[in-house]
There are 2 protein chains.
Amino acid sequence: MKPPETFFHSRLFRGLGNEELADLTAICQRRRISAGEQLIKQHSTAQNVYVVVSGTLMIERLSRSGRRQVIAFAYSGDYIGFTNTEEYEYSVVSLRETELQSFVRREFLALVDQSSTLKANARQIGGNVLAQTLDQLFALGQKKAHERLCFLLAQIGRRQCGTQNADIELIMSRQDIADYLGLTIETVSRAFARLKSMKLIEIVSAHRIRILDNAILEELASVH
Amino acid sequence: MKPPETFFHSRLFRGLGNEELADLTAICQRRRISAGEQLIKQHSTAQNVYVVVSGTLMIERLSRSGRRQVIAFAYSGDYIGFTNTEEYEYSVVSLRETELQSFVRREFLALVDQSSTLKANARQIGGNVLAQTLDQLFALGQKKAHERLCFLLAQIGRRQCGTQNADIELIMSRQDIADYLGLTIETVSRAFARLKSMKLIEIVSAHRIRILDNAILEELASVH
DNA sequence: CGTCTATTTGAGCATAGTCAACCGACGTGG
DNA sequence: CCACGTCGGTTGACTATGCTCAAATAGACG
């Protein structure tokens, strides 16, 4: 039995035997959500885990006072809901039509228990989530506005490098970027202008950026 | 066989049977490090996990450019090195004489695999680490200097509430606080002065703060 | 072509950073 | 015992970065 092809492009399923893949397939549900739809509501009980097949999601956190912190953007192959707490700590909304694989968390964890490969993969994913959050923490704590923007652009660039040329597509709005980097939209806009004047990027359109000097961009973005 | 008393005050060991505790005791090493000593070096391979018995540790991250982000302070009962990656993402240094329980990571993970209670506990700890990091991320992204300081004071206050009165002890230096909150020492100092003038705190000495109005402090600190 | 929304730009302001002086605690050595 | 130096912390003056408010512009879409 050959598992669906989409299973393969995700790190979660790397190195699994056919039997393990069959078990996963058995508990895997397909789900498709449209742009702007909410997948996970902050403080709801964590009942599912998801793998993004296609599309883009935004993970965010809202405070009582209405302030918002965007935690991450998730693309094809990313994992959602791999929380170790019983409640989701964040909301997840889609930025455009998104296709997902959905697993009941309890069933998924049971399978993870049975397969050492799957366990290692899941552990690695959890580690990457934390590592990525620590990178962002460093950027917010130590970097100036234009450097934070480089951090985001470099991150997206790395994600999309295989897909095409040096152009990157920014699916999210300026407000989303601002809330991700701990800035205002105006400052984000000025940061774009600054990187443009530094000849690091070209602003093809508001949502399409061309990287002109990736080395310096990465240097400014660097958190190591 | 009664396990050593120190095992009990840590969430990691909650609800374990005597046999599980005996297994843990068998692989547990005691370690004592003095103030300023480094326990973990950034980018070294993750070979051990630790539980703090007494003392205080600081978890930090250094970049090539010399900038530093303090990630957390760890006190009695906290866990160190519960990374899911093969390398430590951070350094850990002690702020004062510190006593630790040390486990070989591989052996520890093997025991975790065998005990569902221990597994649940370890998972919860991982979740708390991420939750705490997300709180800090929110504070750095969305809060002003004096609010960030409230965030730290409230956090330490909650930690120490059982121990004594409303006084809290700040073991770390102003520079450590600054690098934790993404500020400079001067701004931290002014933030202290501001909270004092707001009558939220009393500065008994540079490293001893008395909370005068915990409700407002918590309100300013709140990330929810 | 007009309307709506997202984004950019500008002017002024507030917050935090920089640089420098100062203060107080502590320890050393005369 | 006191003068001196060091270190960590505070305070002040000035600067720069980013925020606020407002206006202009650019697309998207009917």
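Order of the sequence lines sets the chain letters (A, B, ...), proteins ahead of strands, with each chain counted from 1. Note that these values count all heavy atoms, side chains included, but never hydrogens, waters or copies made by symmetry.
In this entry the distance linking CD of A/E147 with C1' of C/dG17 reads 14 Å, nearest Å. Rounded to an integer number of Å, the gap from A/L149 CG to C/dT8 P is 10 Å. Distance A/L195 CG to C/dT8 C1': 15 Å, rounded to the nearest Å. Taking atom CG of B/L181 as the reference point, atom C1' of C/dA16 lies 13 Å away to the nearest angstrom.
Geometrically, A/R105 does not engage A/F82 in a cation-pi contact defined by less than 6.0 Å to the ring centre and at most 45° from the axis.
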Problem set entry | Contact state string [nucleotides 10-25 of chain D, B base, S sugar-phosphate only, - no protein heavy atom under 4.0 Å] | BBBB----SSBB----

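When only modelled atom types and interatomic distance are considered, B/Q132 and B/N128 share no side-chain donor-acceptor pair under 3.5 Å. Using modelled atom types, one finds a donor on one side chain and an acceptor on the other under 3.5 Å when comparing A/S54 with A/E99. No donor-acceptor contact under 3.5 angstrom links the side chains of A/R31 and A/S102, judged on distance only. Neither side chain, A/Y88 nor A/Q47, offers a donor N or O lying under 3.5 Å from an acceptor on the other.
In terms of heavy-atom proximity, B/I80 sits nearest to B/I59 at CD1-CD1, 3.8 Å.
Backbone-only engagement by A/S173 is indicated by non-hydrogen atom pairs under 4.0 Å involving sugar-phosphate atoms exclusively.
At the phosphate of D/dG9, OP1 or OP2 sits under 4.0 Å from a side-chain N or O atom of B/H207.
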